[in-house]
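Before I ask anything, here is the structure I am working with.
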Amino acid sequence: MSTETPTPFERTDFIREIVAADLREGRRRSIVTRFPPEPNGYLHIGHAKSICLNFGIAEQFGGQCNLRFDDTNPVKEEQEYIDAIAADVRWLGFDWGEHLYFASDYFQQLYEWAVDLIKAGKAYVDDLTADEIREHRGTLTEPGRESPWRSRSADESLDLFERMRAGEFPNGERVLRARIDMASGNINLRDPVLYRIVHATHPRAGDAWCIYPTYDFAHGQSDAIEGVTHSICTLEFQDHRPLYDWLIENLPVPSHPHQYEFARLNLTHTVLSKRVLLRLVNEGRVKGWDDPRMPTLSGIRRRGFPAEGIRDFAAMIGVARNESVIEIEMLEHAVRDVLNRTALRRFAVLDPIKVVIENYPEGQIEELEVPNNPEDPSAGSRDVTFGRELWIERDDFMEEPPAKFFRLAPGREVRLRSAYFVTCREVVKDPAGRVTVLKCTYDPATRGGAAPDGRRPKATLHWVPVAQAIPAEVRLYDHLFTAPYPGGDDRDLFEDLNPDSETVRRGCFVEPCLADAPVGTTVQFERLGYFCPDPDSAPDALVFNRTLALRDTWAKLQAQGQRDPG
RNA sequence: UGGGGCGUCGCCAAGCGGUAAGGCAGGGGACUUUGGAUCCCCCAUCCGCAGGUUCGAAUCCUGCCGCCCCAGCCA
């Protein structure tokens with residue numbers, strides 16, 4: 001990965017410090033990390049934090065980061081998810097090179113290790129039902145009881161385990177358990193299940209197996225097989241670390257990885273739970289996994305967020321063990337920061353009102369040069385056609401402007417960006433009193449937007465020529481949930497859904513060069529925000545998504561005025 | 001009542017015994033052909049609370065308090 005601009009945040013964290021110390025003090029000669037998604041859903045921004053951490057560390061310390069699918073539960077996993085996840089990681093800007101792995105590729109090895117454990121008397125086949133096992137497990141405060149099958153011979157367990165693999169038993173009839181300590185305060189050590197019978201077709205292994213290792217029996221050993229040195233996961237796996245270590249110590253694994261845990265990402269005004277996201281999709285609350293309101297990487301991408309902004313965000317928030325909820329404004333800041341630097345400026349009018357320049361010759365047009373990005377002169381410029389009739393934003397005119405309103409009003413002169421100064425002379429309304437046309441005059445001496453006499457209007461408006469304007473649909477997006485903490489105070493999560501998270505505006509006009517803007521590029525509609533073509537867009541029916549609005553101090557002022565009038 | 005974690009500004013987060021970085025948000029100002037951007041200034045005498053050790057503590061010790069995770073044959 002390379003970025004044209006240096007990462008804005010040079011920061012370390014407790015995991016990087018551990019890695020650096022391991023290298024410095026010779027405990028490791030090189031490091032290997034991994035990003036281990038389960039292919040049972042789409043990646044979201046929370047995963048991006050982990051991806052940036054794992055790939056970022058590998059990159060920073062000259063190591064390698066594997067993409068390993070943790071595909072040990074065939075009933076939930078699908079090839080569709082595998083493909084989508086790989087595409088999302090690639091989009092985020094990371095490259096695993098040759099190191100694409102699947103836990104399912106290790107099934108034979110894991111099976112053999114399970115046999116080793118049985119022979120060593122450290123695992124046994126249990127005939128208890130799932131309910132019985134639960135009853136025997138004890139509670140948080142009471143120790144568990146040993147299964148009556150715990151003491152059966154290794155030979156008998158071995159025979160049973162082989163028959164489990166051979167498919168002699170139905171789902172759930174028996175499991176393989178580690179023999180550790182039913183009285184442990186750590187429930188994960190109360191003889192955890194290592195293998196269960198699942199007669200299901202695996203997305204990759206097909207029907208080769210009908211017994212599958214659990215997460216605990218697969219994860220650490222997969223790390224060991226791959227030579228992973230630093231196995232980084234989220235806080236809820238802390239309690240699993242003793243089991244992770246126990247298995248590594250009791251199995252002839254080729255390397256000894258260590259697990260480190262960090263706090264997962266939480267964001268205000270959204271939710272990062274695969275379960276809830278799946279519900280939103282299934283119940284039709286959103287248009288799919290890639291709905292622009294979704295916090296999934298595919299949703300964010302469709303929304304127009306640049307990958308670089310996500311990476312910057314990950315660097316901004318840091319990595320720690322404090323459980324935290326990041327205000328979504330921080331994400332939006334990171335995204336605007338990148339977009340401000342890189343997005344080409346364009347003109348678009350979302351809620352048009354017609355301006356007729358009465359002293360501009362009928363039928364005349366001219367091409368005016370408009371900069372593509374004032375922040376980046378190398379972005380060049382484009383020509384925009386100017387004519388007698390233009391569209392401007394309805395919000396940019398007020399018949400009776402309040403004190404702080406600087407835009408167009410009767411008798412007032414404003415600048416049309418990169419064009420001319422115009423003065424409003426007459427307001428035309430329809431019978432209902434709605435403004436339909438603003439008759440204006442322009443000052444020919446202000447071509448390009450500057451006056452020879454040095455006078456400077458307080459406002460500059462964007463515009464689109466009526467004759468050349470292209471109609472478009474624009475979808476405005478806002479937070480998926482109105483509440484910063486959806487479902488807080490025991491509310492039903494869905495009560496907090498924002499009814500206005502998507503607002504579709506038809507009858508918008510955009511400048512001609514937007515007709516063939518490719519999907520995947522985000523531009524700035526000047527003075528409005530950042531927008532990108534939606535995959536739904538067609539040459540004869542353009543559709544743009546609003547990625548993010550520009551910061552709007554005028555709107556803020558108005559809001560303040562409403563709060564405390566006077 | 002068991003085990004494992006975490007508590008530094010509204011939200012993140014540095015800090016690792018020598019007297020509270022930075023970012024986001026917020027407030028003020030400058031500048032501006034985007035009320036955008038940029039720039040400048042302000043924003044924790046205090047680090048969950050209470051004791052203790054020390055010349056000196058957010059950093060060490062003790063005790064409280066609060067919050068999170070764990071009782072899937074999910075990951």
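Because the structure is predicted, anything quoted here is derived from the model rather than measured. Computed from heavy atoms alone, side chains included, the values below leave out hydrogens, waters and symmetry copies.
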Below 4.5 Å, heavy atoms only, C-beta onward: do A:E261 and A:C233 meet side chain to side chain?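 When only atoms from C-beta onward are counted, A:C233 and A:E261 do touch, with a gap below 4.5 Å.
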
Using a cut-off of strictly less than 4.0 Å between a heavy atom of the residue and any atom of RNA chain B, enumerate the qualifying residues of residues 373-386 of chain A by number.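 Result for residues 373-386 of chain A: A:P374, A:E375, sorted by number.
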
Residues of residues 322-331 of chain A with any non-hydrogen atom less than 4.0 angstrom from an atom of RNA chain B: list those, numerically ordered, please.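 Heavy-atom cutoff 4.0 Å gives A:N322, A:E323, A:S324, A:V325, A:I326, A:E327, A:E329, A:M330.
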
Identify whether any heavy atom of A:Q524 sits under 4.0 Å from a base atom; if not, whether one sits that close to sugar-phosphate; answer base, sugar-phosphate or nothing.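 If one applies the 4.0 Å heavy-atom cut-off, A:Q524 turns out to touch a base.
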
Taking the ring centre of each residue, are A:F544 and A:F531 less than 6.0 Å apart?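 No, the ring of A:F544 stays outside the 6.0 Å limit from the ring of A:F531, centre to centre.
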
So which of residues 37-51 of chain A are in contact with RNA chain B, with a heavy-atom cut-off of under 4.0 Å?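 Those residues are A:E38.
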
Side chains of A:R341 and A:D376 in contact at under 4.5 Å (non-hydrogen atoms):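 A:R341 vs A:D376: side chains apart.
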
Member of A:Y195, A:W113, A:Y212 meeting the ring pair (Phe, Tyr, Trp, His ring centres under 6.0 Å) criterion with A:F107: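 Option passing the ring pair (Phe, Tyr, Trp, His ring centres under 6.0 Å) with A:F107: A:Y212.
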
Taking any heavy-atom pair under 4.0 Å as a contact, classify A:I133: base, sugar-phosphate, or nothing.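 It contacts base atoms.
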
For a quick test of reading the model: is some side-chain N or O of A:R174 closer than 4.0 Å to OP1 or OP2 of B:rC73?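 For B:rC73, neither OP1 nor OP2 has a side-chain N or O of A:R174 closer than 4.0 Å.
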
What is the distance from CG of A:D312 to P of B:rC24, rounded to the nearest Å?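 Spelled out: CG on A:D312 to P on B:rC24 is 12 Å.
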
Among B:rU38, B:rC73, B:rG36, find the nucleotide with the atom closest to the side chain of A:R345.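 Shortest atom-to-atom distance from the side chain points to B:rG36.
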
Mind checking A:R137 for me? I need base, sugar-phosphate or nothing, with any heavy atom below 4.0 Å counting as a touch.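 Answer is sugar-phosphate: A:R137 comes under 4.0 Å of backbone atoms only.
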
Side-chain donor-acceptor pair present, A:E17, A:T12, cut-off under 3.5 Å: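 Their side chains do not contain a donor-acceptor pair, so the 3.5 Å distance test is not met.
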
Assign A:L128 to base, sugar-phosphate, or nothing according to its heavy-atom contacts below 4.0 angstrom with the strands shown.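 A:L128: base contact, heavy atoms under 4.0 Å.
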
Which label fits A:F102 and A:F69: parallel for a plane angle under 30°, tilted from 30 to 60°, or perpendicular past 60°?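 A:F102 and A:F69: parallel rings.
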
Classify the nucleic acid contact of A:K404 as base, sugar-phosphate or nothing, counting any heavy atom under 4.0 Å across all strands shown.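 Since a base atom lies under 4.0 Å of A:K404, the category is base.
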
Is any side-chain N of the basic residue among A:R264 and A:E236 closer than 4.0 Å to the acidic one's carboxylate O?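 Yes, this pair counts.
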
Mind checking A:H219 for me? I need base, sugar-phosphate or nothing, with any heavy atom below 4.0 Å counting as a touch.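 Nothing, no heavy atom under 4.0 Å.
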
Ignoring backbone atoms, establish whether A:K458 has a side-chain N or O less than 4.0 Å from OP1 or OP2 of B:rU32.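 Indeed not, no polar side-chain atom of A:K458 lies that close.
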
Is the phosphate of B:rC6 approached by A:R321 (side-chain N or O, under 4.0 Å from OP1 or OP2)?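 A:R321 to B:rC6 OP1/OP2: side-chain N or O found under 4.0 Å.
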
side-chain N/O A:R275 vs B:rG72 OP1/OP2, d < 4.0 Å: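 Negative; the distance criterion is not met.
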
Is A:R345 close to A:E375 at the side-chain level, that is, under 4.5 Å between some pair of heavy atoms?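 Touching, per the 4.5 Å side-chain cut-off.
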
Would you state whether a donor and an acceptor, one from the side chain of A:D239 and one from the base of B:rG3, lie under 3.5 Å apart?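 Counting by modelled atom types and ignoring angles, a donor-acceptor contact under 3.5 Å is found here.
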
Tell me what A:V193 touches on the nucleic acid: a base, only sugar-phosphate, or nothing, going by heavy atoms under 4.0 Å.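 The residue A:V193 makes sugar-phosphate contact but no base contact.
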
Under the side chain to side chain contact (heavy atoms under 4.5 Å, CB included) rule, what do A:R68 and A:H219 come out as? Steps first, then yes or no, please. CA-CA 10 Å; A:R68 181 178 75 235; A:H219 203 95; 3.4 Å; yes

For a quick check of understanding: with a heavy-atom distance under 4.0 Å over all strands, which category does A:V319 fall into, base, sugar-phosphate or nothing?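 Sugar-phosphate only.
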
If we only count heavy atoms from C-beta on, is the A:L416 to A:F386 side-chain gap below 4.5 Å?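 Result yes, sub-4.5 Å side-chain heavy-atom pair found.
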
Would you indicate what A:F405 reaches in the nucleic acid, counting non-hydrogen atoms under 4.0 angstrom: base, sugar-phosphate, or nothing?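 Base: the residue A:F405, judged by heavy atoms under 4.0 Å, touches a nucleobase.
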
Taking the side chain as everything from C-beta on, heavy atoms only, tell me whether A:L339 gets closer than 4.5 Å to A:P306.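 Heavy-atom side-chain distance check passes, below 4.5 Å.
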
What I want to check is whether an N or O donor and acceptor connect the side chain of A:H136 with the base of B:rA71 at under 3.5 Å.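 In this structure, the two groups form no donor-acceptor pair.
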
Is the distance from OP1 or OP2 of B:rG36 to the nearest side-chain N or O of A:R417 less than 4.0 Å?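 Checking A:R417 against B:rG36: no side-chain N or O falls below 4.0 Å of OP1 or OP2.
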
At less than 4.0 Å, is any side-chain N or O atom of A:R196 found next to OP1 or OP2 of B:rA75? Yes or no.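 Answer is yes, contact under 4.0 Å.
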
Kindly say whether, by distance alone, the side chain of A:R456 makes a donor-acceptor pair under 3.5 Å with the base of B:rU33?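 It does not, because no donor-acceptor pair links the side chain of A:R456 to the base of B:rU33 below 3.5 Å.
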
When we call it a touch if two heavy atoms are under 4.0 Å apart, what does A:Y195 touch: a base, just sugar-phosphate, or nothing?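 No contact.
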
When the distance from CD of A:E142 to P of B:rG3 is rounded to whole Å, what number comes out?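 Result: 14 Å.
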
When only distance counts, do a donor and an acceptor, one from the side chain of A:E17 and one from the base of B:rC16, lie under 3.5 Å apart?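 Yes, the side chain and the base share a sub-3.5 Å donor-acceptor pair.
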
Any side-chain heavy-atom pair of A:R417 and A:R527 under 4.5 Å: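 They are not in contact (no side-chain heavy atoms under 4.5 Å apart), so the answer is no.
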
For A:F406 and for A:D216, locate the closest nucleotide of RNA chain B by heavy-atom distance; then report the residue assigned to the nucleotide nearer the 5' terminus.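 Residue closer to the 5' terminus by nearest nucleotide: A:F406.
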
A:L557 or A:A320: which one's nearest nucleotide on RNA chain B is closer to the 5' end?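 Its nucleotide being nearer the 5' end, the pick is A:A320.
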
Using only atom types and a distance under 3.5 Å, with no angle test, would you say the side chain of A:R152 pairs donor to acceptor with the backbone of A:V125?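 Confirmed, A:R152 side chain pairs with A:V125 backbone.
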
Could you tell me how far apart A:Q259 (CD) and B:rG4 (C1') are, to the nearest whole angstrom?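 For the pair A:Q259 CD and B:rG4 C1', the rounded distance is 12 Å.
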
Taking any strand in view, what nucleotide pairs with B:rC6 in a Watson-Crick or G-U wobble way, both distances under 3.5 Å?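 Because both required distances fall under 3.5 Å, B:rC6 counts as paired with B:rG66.
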
Where the chi angle of B:rG72 falls, syn if within 90° of 0 and anti if not: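 Syn, since the glycosidic angle lies within 90° of 0.
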
Could you check which nucleotide pairs with B:rC43 in any of the strands shown, counting Watson-Crick or G-U wobble with both distances under 3.5 Å?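 Its partner: none found.
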
Mind checking if A:T139 touches a base, just sugar-phosphate, or nothing, with heavy atoms under 4.0 Å?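 Base contact.
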
Nearest 0.5 Å, please: how far is CG in A:L350 from CG in A:D395?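 The distance works out to 9.5 Å.
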
Give one of base, sugar-phosphate or nothing for A:T72, where a contact means two heavy atoms less than 4.0 Å apart.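 If one applies the 4.0 Å heavy-atom cut-off, A:T72 turns out to touch the sugar-phosphate alone, with no base involved.
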
Side chains of A:R34 and A:N54 in contact at under 4.5 Å (non-hydrogen atoms):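 Yes - at least one pair of side-chain heavy atoms lies under 4.5 Å apart.
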
Using OP1 and OP2 only, check whether a side-chain N or O of A:H462 sits under 4.0 Å from B:rU34.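 No, outside the criterion.
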
Contact class for A:G172 vs. all strands (heavy atom < 4.0 Å): base, sugar-phosphate, or nothing?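 Base contact.
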
Can you tell me which nucleotide in B:rC73, B:rU33, B:rG26 comes closest to the side chain of A:K556?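 Between B:rC73, B:rU33, B:rG26, the one nearest the side chain of A:K556 would be B:rG26.
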
